[in-house]
Amino acid sequence: MEEENKKGHFIEAIIKEDLQNNKNNGQVLTRFPPEPNGYLHIGHAKSICLNFNMAKQFNGICNLRFDDSNPAKEKQIYIDSIKDTVNWLGFDFKTPFYASDYFDRLHEFAVQLIRKGKAYVCSLSPEQMREYRGTLTEKGKNSPYRDRPIQENLDLFDQMKNGKFQEGEVTLRAKIDMASPNINLRDPIIYRVKKATHPRTGDKWCIYPMYDFTHCLSDSLEGITHSLCSLEFEDHRPLYDWILDTLETPCHPQQIEFARMNINYTVLSKRKLQLLVEQHHVSGWDDPRLPTLEGMRRRGYTPEAIRNFCNIIGVSKKDSRIDMGLLESCLRDDLNERAPRVMGVLKPLKVTIENYPDGKTEEMVAMNHPQKEEMGNRAIGFSKQIYVEQDDFMEDPPKKFFRLGPGREVRLRYAYLVTCKQVIKNEQGEVIELICTHDPQTRGGNAPDGRKVKGTIHWVNANDCLDAEVRLYDRLFTDENPEQGNQDFTENLNPDSLEILRNCKLEKSLGATAPGTVYQFERLGYFCQDLKASQKDMPVFNRTVTLRDAWAKMSPKA
RNA sequence: UGGGGCGUCGUCAAGCGGUAAGACACAGGGUUUUGAUCCCUGCACUCAGAGGUUCGAAUCCUCUCGCCCCAGCCA
């Protein structure tokens with residue numbers, strides 16, 4: 001808590017200064033305002049953490065508010081998913097707020113604006129509207145309907161509300177300045193006709209407020225003090241302020257913009273994510289390869305790892321592209337602490353210990369976490385037939401290969417030192433079995449004569465293990481920035497982002513996994529059971545993330 | 001050619017006139033029954049560039065260059 005005096009990121013600095021000046025009576029109220037038109041992704045997590053953390057840090061509150069002013073795109077399933085995901089991430093909101101709960105008040109505000117002569121009903125068609133708006137370098141022209149008398153506007157707006165107009169026929173516009181260099185101020189539309197059923201208000205309305213009108217007023221109605229949003233809304237701030245200054249509102253929140261998150265080798269836009277789902281490049285919104293929070297959750301990401309990541313990357317106004325490696329580093333950091341260790345063989349190679357008694361089984365004692373005694377031990381059966389990893393054997397290994405090879409001795413973790421005596425191949429010349437001997441004196445893994453064995457490999461008891469499917473995931477795209485330029489970003493999809501292994505042998509204890517628990521398969525990585533894909537007789541495990549692998553680094557793929 | 005932003009290590013990011021934090025990555029080394037973890041060490045004489053102000057600048061001023069956003073009845 002010596003953080004107190006540090007300024008932190010620029011938003012934190014602004015809030016501290018406001019507090020010092022007793023602005024907003026020393027209150028801090030933020031909000032996370034998703035539109036329920038899709039699922040949340042890691043980019044949203046940044047905003048969620050920022051908003052909830054600022055509120056918490058300054059003894060304030062953060063509202064979850066659905067920005068549901070466009071019924072054409074919004075659905076209840078998204079609302080449900082978003083609520084669930086925010087909770088899963090570890091944030092509490094009492095009851096969610098909805099912009100749609102303010103529709104009546106918003107309507108009154110619109111009428112107020114008309115009465116003030118600051119809004120008018122415009123009968124320009126969408127095409128005409130575009131022409132009148134001008135361009136980036138040319139001023140716009142006033143709408144011929146701009147000077148309709150107040151009473152006429154009132155009547156027309158009422159007719160809009162009563163369904164007398166078709167979509168696109170009329171709009172309600174703020175009367176600001178068609179010559180403004182800021183296009184957002186060229187008489188922006190604040191209400192449009194939309195004959196759609198709203199997930200929450202049903203068919204009560206056939207006119208809906210636009211974002212710019214809805215957002216600032218919703219903020220004000222809730223007493224928000226700091227309205228944090230992304231950079232692209234910077235141009236909208238003058239409009240945000242204009243509306244709140246023009247209308248008689250409870251308070252005037254301060255909009256502050258920050259840069260949204262980007263991560264390399266993936267995409268973080270709802271539109272592109274949706275495309276990946278629709279075109280079946282992935283299995284669904286919760287595909288473990290997706291940066292959606294539901295996907296990451298299914299993959300095995302923990303809320304703690306995600307929150308830590310969001311805190312670590314900071315907040316600024318600079319466009320950035322964060323290294324996926326940092327996310328993975330945060331993940332490993334958390335998983336290393338909490339994941340129980342187990343053994344599992346992904347690509348099994350049968351090993352027969354020729355000098356081990358037939359039919360005998362011993363219980364070897366394995367630690368559930370090498371650095372945490374308190375996590376306890378477990379017993380693992382050992383017998384004459386075991387499986388080891390195919391990658392842990394090389395017929396003609398280089399000197400630095402510390403694993404199995406003809407005549408080489410390695411330690412079977414928590415069991416014995418074994419030496420490879422014979423290699424058995426099939427007709428194709430593929431190694432299908434190893435005949436080894438074990439040193440009975442080395443039970444547990446230590447040699448009484450003090451002889452050093454450099455390599456330790458994992459194994460699974462052949463006659464008492466679990467058959468499982470394991471899914472290995474790699475980055476979804478081969479290009480660091482898949483959305484570069486205007487070319488089709490799906491061309492950069494990594495064809496090897498998913499590898500399914502169907503003949504995996506896992507330690508028996510994995511037969512009953514607690515939902516959501518991530519295990520470390522020693523020497524391989526972190527894995528968790530995929531409850532959605534698992535069958536009764538064939539559990540499916542997802543590889544959450546690999547372990548750091550110094551060996552893989554020095555031997556660039558054989 | 002209009003308006004709004006942004007440019008500090010490979011990637012994020014502190015710094016707010018007193019002489020470049022930290023994290024990830026990377027490179028060495030140590031411990032280790034996971035080539036994991038952990039622990040050391042190294043890693044920007046320089047802050048997009050050029051001028052200027054100052055005893056002193058990444059921090060102030062001027063100009064130049066580069067990148068991002070805006071012309072939905074989307075948010």
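All chains are named by letter (A, B, ...) in the order of the sequence lines, taking the proteins before the strands, and each is independently numbered beginning at 1. All values below come from the heavy atoms of this structure, side chains included, with hydrogens, waters and symmetry mates left out.
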(request) State whether A:Y98 and A:R200 meet the cation-pi test: NZ (Lys) or CZ (Arg) under 6.0 Å from the six-membered ring centroid, and within 45° of the perpendicular axis. (result)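 Satisfied, under 6.0 Å and within 45°.
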
(message) Could you tell me if A:K272 sits above the aromatic ring of A:F489, with its cationic atom closer than 6.0 Å to the ring centre and no more than 45 degrees from the axis?
(response) yes

Would you kindly say whether [X] and [Y] are connected by a side-chain donor-acceptor distance under 3.5 Å?
| X | Y | value |
| --- | --- | --- |
| A:H458 | A:R341 | no |
| A:Q255 | A:E234 | no |
| A:S329 | A:D333 | no |
| A:N461 | A:Y387 | no |
| A:T266 | A:R475 | no |

Take atom [atom1] of [X] and atom [atom2] of [N], then tell me their distance rounded to the nearest Å.
| X | N | atom1 | atom2 | value |
| --- | --- | --- | --- | --- |
| A:R332 | B:rU34 | CZ | C1' | 14 Å |
| A:N446 | B:rU32 | CG | P | 12 Å |
| A:F213 | B:rA75 | CZ | P | 13 Å |
| A:D392 | B:rG35 | CG | C1' | 10 Å |
| A:F10 | B:rG5 | CZ | P | 12 Å |
| A:E167 | B:rG72 | CD | P | 18 Å |
| A:D187 | B:rG72 | CG | P | 15 Å |

(request) Please list residues of residues 172-179 of chain A whose heavy atoms come under 4.0 Å from any atom in RNA chain B, ordered by number; otherwise none. (result) none

Salt bridge check: are [X] and [Y] linked by an N-O gap of less than 4.0 Å?
| X | Y | result |
| --- | --- | --- |
| A:R260 | A:D319 | no |
| A:R378 | A:E507 | yes |
| A:D187 | A:K175 | no |

Taking the six-membered ring for Trp, are [X] and [Y] ring centroids under 6.0 Å apart?
| X | Y | value |
| --- | --- | --- |
| A:Y211 | A:F233 | yes |
| A:F103 | A:H198 | yes |
| A:F382 | A:Y416 | yes |
| A:Y519 | A:F527 | no |

Does [X] put a side-chain nitrogen or oxygen below 4.0 Å from OP1 or OP2 of [N]?
| X | N | result |
| --- | --- | --- |
| A:K318 | B:rU8 | yes |
| A:K553 | B:rC26 | yes |
| A:R523 | B:rG35 | yes |
| A:S316 | B:rA13 | yes |

Distance check, [atom1] atoms only: [N] and [M], in whole angstrom units.
| N | M | atom1 | answer |
| --- | --- | --- | --- |
| B:rG2 | B:rU64 | P | 12 Å |
| B:rC16 | B:rA48 | P | 16 Å |
| B:rA27 | B:rC67 | C1' | 32 Å |

At under 4.0 Å between heavy atoms, what does [X] touch on the DNA or RNA strands: base, sugar-phosphate, or nothing?
| X | value |
| --- | --- |
| A:F165 | nothing |
| A:I207 | nothing |
| A:P33 | nothing |
| A:S269 | nothing |
| A:S320 | sugar-phosphate |
| A:S69 | sugar-phosphate |
| A:E35 | sugar-phosphate |

(request) Determine, for nucleotides 65-71 of chain B in 5'-to-3' order, which nucleotides have protein heavy atoms under 4.0 Å from the base (write B), from only the sugar-phosphate (write S), or from neither (write -). (result) ---SBBB

(request) Among A:F157, A:Y208, A:Y120, find the residue that satisfies the ring pair (Phe, Tyr, Trp, His ring centres under 6.0 Å) test when tested with A:Y191. (result)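 Going through the options one by one, the only one that passes is A:F157.
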
(message) Reading RNA chain B from 5' onward, which residue's closest nucleotide shows up sooner: A:L524 or A:I313?
(response)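 Upstream on the strand: A:I313.
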
(message) Between A:G314 and A:T442, which residue's closest nucleotide on RNA chain B lies nearer the 5′ terminus?
(response) A:G314

Look at the side chain of [X] and decide which nucleotide, out of [options], has an atom nearest to it.
| X | options | value |
| --- | --- | --- |
| A:I322 | B:rA75, B:rG4, B:rC12 | B:rC12 |
| A:K194 | B:rC12, B:rC74, B:rA13 | B:rC74 |
| A:R341 | B:rA75, B:rA36, B:rC73 | B:rA36 |
| A:H9 | B:rA75, B:rA14, B:rG5 | B:rA14 |

For [N], give its Watson-Crick or G-U wobble partner with both distances under 3.5 Å, or none.
| N | result |
| --- | --- |
| B:rA58 | none |
| B:rA27 | B:rU41 |
| B:rG66 | B:rC6 |
| B:rA71 | none |
| B:rU1 | none |
| B:rU32 | none |

(request) Taking side-chain contact (heavy atoms from CB on, under 4.5 Å) as the test, write out the residues that go with A:P238, two or more places apart. (result) A:N182, A:L185

Polar atom pairs (N or O), protein with nucleotides 57-59 of chain B, under 3.5 Å:
none

For nucleotides 20-24 of chain B, give me every protein contact, N/O to N/O, under 3.5 Å, one pair per line with atom names.
none

(request) Classify the ring geometry between A:F541 and A:F521 as parallel (under 30°), tilted (30 to 60°) or perpendicular (over 60°). (result)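 Aromatic pair A:F541/A:F521 classed tilted.
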
(message) Given the structure, check if the side chain of A:Q520 and the base of B:rU34 hold any donor-acceptor pair shorter than 3.5 Å.
(response)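 Counting by modelled atom types and ignoring angles, a donor-acceptor contact under 3.5 Å is found here.
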
(request) Of all the heavy-atom pairs spanning A:P209 and A:R192, show the shortest one and how long it is. (result)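 Shortest heavy-atom separation between A:P209 and A:R192 comes out as O-NH1, 2.7 Å.
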
(request) Measure the spacing between CD of A:E257 and CG of A:D235 and express it to the nearest 0.5 Å. (result) 9.0 Å

(request) Begin from the C-alpha positions of A:T478 and A:Y265 and carry the test side-chain contact (heavy atoms from CB on, under 4.5 Å) through to its verdict. (result) CA-CA 6 Å; A:T478 53; A:Y265 298 107; over 6 Å; no

(request) Measure from the ring centre of A:W551 to the centre of the six-membered ring in the base of B:rG35, then say whether that distance is under 5.5 Å and the planes meet at under 30°. (result) yes

Below 3.5 Å between N/O atoms, which protein atoms pair up with nucleotides 28-31 of chain B? Just atom names and distances, please.
none

